[in-house]
Structures are given as C-alpha cells and as structure tokens.
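Indexing begins at 1, ligand by ligand and atom by atom, following the structure's order. Atoms considered below: every heavy atom in the structure, side chains included; atoms not considered: hydrogens, waters and symmetry mates.
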Amino acid sequence: MSLWNELAKHQRACEGRHILDLFEDAGRAADFTVAAGAMRLDYSKTNIDPQARDLLVALAEESGVARARDAMFSGAKINETEGRAVLHIAQRAGDEAVIEVDGADVMPELRAVRARAYGFAEDVRAGRILGQGGAITDVVNIGIGGSDLGPAMATLALAPWHDGPRLHYVSNVDGAHIADTLKGLNPETTLVIVASKTFTTIETMTNARTARDWMATKVADPGAQFAAVSTSLEKTAAFGIAPERVFGFADWVGGRYSVWGPIGLGLMLAVGAARFDEFLAGARAMDKHFCDAPFAQNMPVLLALVGIWHNQICGHATRAVLPYDQRLARLPAYLQQLEMESNGKRVGMDGRDLERQSGPVVWGEPGTNGQHAFYQLIHQGTRVVPCEFLLAAQGHEPELAHQHRLLAANCLAQSEALLRGRSLDEARAIMAAKGLEGAELDRQARHRVFPGNRPSTTLIYPQLTPVTLGQIIALYEHRVFVEGVILGINSFDQWGVELGKELATALGPVIEGADASDKDPSTQALVAYLRAHQA
Ligand code: F6P
C-alpha cells in the first residue's frame, strides 16, 4: 500500500477520536513541539498521533525532500518550467558561502549589490543623499506582489526599529492608492523606489509614471529622486534612473522570495543595514536548521507535514494564519502569495494532472480582531479550518505589558476552545443556571455547543525582533517548498497569473471604446455599463 493510502486509512481509523484523548500520553505536548533556536512550534493540538507522524515523515523521505532541498541549496535548476535555479537562500547566505550557477560563484556579485544597497540606504538615512528640498523624510516603494508584500509586511513588523525616513508602499493600479499615499507628501523630500523584478509589470510602471509626474510638479530633476530595484538594467535606464541608483538581482530569485535582497531596500531605509543583517541572520539560522535537523525534529518539514495532513489527508480546504502580533498584520497577505502562488497548481512537475488537491486557501487576520469577525465560523461552522497561531512571549511596550498578557491569554484561549469545545451537557448546565428549562433550555443550549476537536498549531517565540522575523519568513518559505516537493509541484513558477494579465491588456482599449463584439455577453454588458457611466 502506498504511504498516501496508509495515511488515508489511518486518518479514517482515527476520525472519531478526540484530539484531547491524545493528551492521555503525558509526554505529548513536549513530544509534539519542535524547537528551532528559541522558537517553538507546538503541533500537539492536532489529530496527528505518533503513527501518523511516522507515516508523514516517511512520505517526506520517500518524496525526495532531502534531495530536492540539497539541489535547491546547491544552485541546481530546480525551477524546471522556467529553467532557473532557486536561490533566495543565497541572498542571506553567510560571508563564507560559495554558491555556483552554471559553474560560476554568484556570491561576489550578490554581496557587492547588497553593499551598494546598504551604502545607499545609510547615505539617505544619514542625510548624505538629499532630496531637492533637503533631507529625505518619506520613501514611497512602488511595486506589487513579491515586490510589495514582503517588504511591506517586514517594514510593519519591525516598526520598533524604525529610525529612518517614513516608508509608504503603493501597489494597486487603482489610482486611489497612489493618490492617497502622495497626498500630504512633499516631492522635494520624497524618494521613490520602483521595485519590479521585470520592470514591465503594468501596475508598477503606471504608478511609477504617476509618481514621476507628481515629482516633476515641484522638482527640477525627478529622476534624481528615484531608485529602482530590478533585474532589467536597460529598462530602468530608459525610465531615467541613474545606474548607481539601480539595484539588480538575478532571475534565480523569485519575486515572492525576494525580500532578502534589494527588494528589501525600503526595509533597509527604515531600520538600517545592521538590523537588516540581523533579519538575514535569522533566516540563515532557519536555513541551517532546515538543512541539518532530522525530519522528525525539523520545523519547516513538520509544519509542511501538518499542512499535508490537514489539506490532502483530512480534506480541509483552507487554513487560517492568525498572528497574535499586530505588527504581523500583513503576514497573512504575504503568505497568500507565498503559499498560493507557489503551490496553487493542478499540474505536477511531470506535466500530468495532480492526483491530489493542490495547496490550500490561506487566509487570516491578526488576533484579536479576527475573534470579533470570523472566529464564529471557525468555532461553530460546519467546515473545519485548521488554525495556525503565532504569539510572542513579550511585546515591545513594557508600559503596556498587561495588554500583552491579555493578548496572550486570548491566543491560548482560542486554541484551547478549538481543542476542548463545549459539550451539550455543559451548555445545558449554563442555560439551566440562567433559569431556563424544558424545550426552551434544549433549544438555547444547542446554540451554545462548541464541537471542539478542531486542530491548531502555535508558533511561539520570545519577541518579534529582526532575527525572529527572518526565522519566521524562512520557516514558511521552506514549508511551502516541502509541501510542493511532496505534491510534485514546481513551487517557483506562476503561470496562473498570465492569462488575466493578457486579457487585461486586450480589454484596456475595449473599455476606451474599441470593438467588444468578440467578448462574451457578460463582459460586453459590463463594458457597456462602464462606458455609459464613465465621465
Ligand atoms: O503576479 C505575478 C508576479 O510575477 C509575481 O510573481 C511578482 O511578485 C509580481 O508579479 C511582481 O512582478 P515584478 O516584480 O516583476 O513587477
């Protein structure tokens, strides 16, 4: 029997079992918690028992995760549909690292660009590079997808370390985004970063031109207050950005994996090179753990296996990421791209249809806000949503430590409630104590039942620091990779975004009045409405 079938059979056999029963094993909480540095991942509140874990670990081994991991770290072209190496790990590799692509060490160039980016960021922060009206007070990063989500999420996450100019991120082609961002900024003291790997992305290039026009209203040389992060030096030059203000990176860094290099320029400007180095060191520590730890104690591997268990074996189609850490508010959005652009695919590496579901829908919001919004469904809806909680032992506001304790209590309460639930007898006792009886007691009690037995994991860490943030992001990157390998997916291409882009390009002229007769009737009607209602 294949491991997939064994897992399915085992899952069916344990379906009626309550997760709480697994804690009859007094060592479970410790045994189902894995450490990486000071960080802990507790996956004991899932229905994974020792046998399921053994089977899952065997699945990872049989799927060639170790071989694929080693191939990735060695610079092999594992992104087969694009013929590229996958080397985001090079961007955070140590000083001694030698990583070759096509026989050439890529590290010297990478270090040189990083040094230039650090130098630029520190010059701006120290006022050695000025705007045309004085010191740079604001930086607007224009980018989308991986050229926005990673740096925007990380900039917010590291707010306690901000001692540089104010950072603003603009991504949406909706003019409202850039208009609202630029309102109140002074072109003379604003630096604009155009962050686009390809430098062709329509949203980014449109916003970049809008920003340049805005800049030109007040400064003599708009290009002088622009910087670019891109792999395409010709296109940045054509836009009017001087080569010393352009920070490149190779095509073997995928957009959604690019925060570690020059795409992180906004973060470098906000927190400085030293803190950015710590961020890289955190990721490097997770890389080392991923490469060295045996699978049964390997945090990214186990997080991936928990994901495989919930999505592919138990059939839970979504997972919620719930950071009890306000500064990780953008983590769910960041993970939506990382996970769904990487593993949202229906064809495997071999060109054949997947035999299983692709990666899950990922969603979430920071706690405790989510509690007052969608936790109702998580606790009492008919579908099970595996939850992934994140929690720091301490916050950054010592004077508000009591609020952090309240936050932590809420986080632990939610995973406890998901685990335990509330039985009908308990609900009846509560309603009886309120004076209800008979049929009304029964009716009211049923609404107050929580089925419980709902799985969750908790990632807990001392504090959200640059090091911790680096660890967390690298953890999720490797988790996605391991899940992709097990599913036989290439996690590093994104063909699924192309069709919409092509059709949008074709629809632009149609909305402006070109012939729409080859469009479907629904699209034609929507175009007609737009034409009728546009000023
Ligand atoms: O939407 C697809 C995508 O290619 C993402 O993978 C990428 O992060 C984003 O667009 C932005 O691309 P670029 O950095 O080339 O502008």
Side-chain angles (χ1 to χ4, degrees), residues 78-88 91 113 117 140-155 169-174 177-178 192-212 226-239 241 245-267 330-345 358-359 362 473 476-477 480-481 484 489-505 507:
I78 63 168
N79 175 355
E80 291 177 14
T81 56
E82 294 180 316
R84 292 177 186 165
V86 173
L87 280 178
H88 47 283
Q91 296 199 304
V113 176
V140 178
N141 185 93
I142 298 176
I144 196 164
S147 302
D148 166 75
L149 289 163
M153 177 270 292
T155 302
Y169 286 86
V170 172
S171 50
N172 201 325
V173 76
D174 185 340
H177 200 177
I178 191 147
V192 176
I193 303 170
V194 185
S196 174
K197 184 175 164 181
T198 54
F199 228 68
T200 57
T201 304
I202 191 117
E203 293 91 336
T204 300
M205 299 322 298
T206 305
N207 278 322
R209 283 189 289 273
T210 301
R212 194 175 52 188
F226 271 68
V229 183
S230 180
T231 54
S232 177
L233 299 184
E234 281 161 36
K235 295 196 176 79
T236 54
F239 189 85
I241 303 175
R245 292 282 180 86
V246 179
F247 305 94
F249 59 104
D251 68 0
W252 34 254
V253 178
R256 54 194 176 275
Y257 299 87
S258 61
V259 65
W260 315 102
I263 286 287
L265 186 60
L267 180 62
R330 296 293 289 157
L331 183 71
Y334 165 79
L335 289 180
Q336 284 180 331
Q337 187 199 19
L338 182 68
E339 304 213 13
M340 296 201 275
E341 197 164 86
S342 296
N343 288 344
K345 291 160 191 170
S358 58
V362 178
I473 303 176
Y476 277 99
E477 284 180 347
V480 167
F481 172 68
I489 283 174
N490 176 9
S491 300
F492 302 104
D493 62 13
Q494 57 281 319
W495 299 109
V497 302
E498 293 304 322
L499 180 58
K501 284 186 193 172
E502 283 166 29
L503 294 181
T505 307
L507 269 161

Minimal non-hydrogen separation, Lys345 against Gln494, with atom names:
NZ-N, 4.4 Å
Please find the pair of heavy atoms, one from Ile178 and one from Ala211, that lie closest to each other, and give the distance.
CD1-CB, 4.1 Å
Nearest non-hydrogen protein atom, [atom]:
{"atom": "atom 11 (C) of ligand 1", "value": "Ile144 O, 3.2 Å"}
{"atom": "atom 5 (C) of ligand 1", "value": "Glu341 OE1, 3.4 Å"}
{"atom": "atom 15 (O) of ligand 1", "value": "Thr198 OG1, 2.6 Å"}
{"atom": "atom 10 (O) of ligand 1", "value": "Lys501 NZ, 4.2 Å"}

Applying side chain to side chain contact (heavy atoms under 4.5 Å, CB included), name anything that partners Ser232, two or more places apart in sequence or on another chain.
Phe199, Ser230, Lys235
Gln336, Glu341, Glu477 screened by side chain to side chain donor-acceptor pair (under 3.5 Å) with Arg256, the one that passes
Glu341
Just distances here: any N/O of Gly146 and N/O of ligand 1 closer than 3.5 Å?
yes
Considering only heavy atoms, does Met205 approach ligand 1 within less than 4.0 Å through its side chain, its backbone, both, or neither?
neither
Ignoring hydrogens and geometry beyond distance, is a side-chain donor-acceptor pair present between Asn343 and Ser358 at under 3.5 Å?
no
Can you sort out which atoms of ligand 1 are near Gly145, meaning under 4.0 Å from one of its heavy atoms?
8 (O)
Need the ligand 1 atom indices (1-based, order shown) with element for anything under 4.0 Å from a heavy-atom of Gln337.
5 (C), 6 (O), 7 (C), 8 (O)
contact_flag Glu203 ligand 1 heavy-atom lt 4.0 Å:
no
Tell me which one of Thr201, Thr204, Val497 gets a heavy atom nearest to atom 13 (P) of ligand 1.
Thr201
Please list, one pair per line, the donor and acceptor atoms closer than 3.5 Å that link side chains of residues 496-503 to other protein atoms, with sequence neighbours excluded.
none

Is any side-chain heavy atom of Ser171 closer than 4.5 Å to one of Glu203?
no
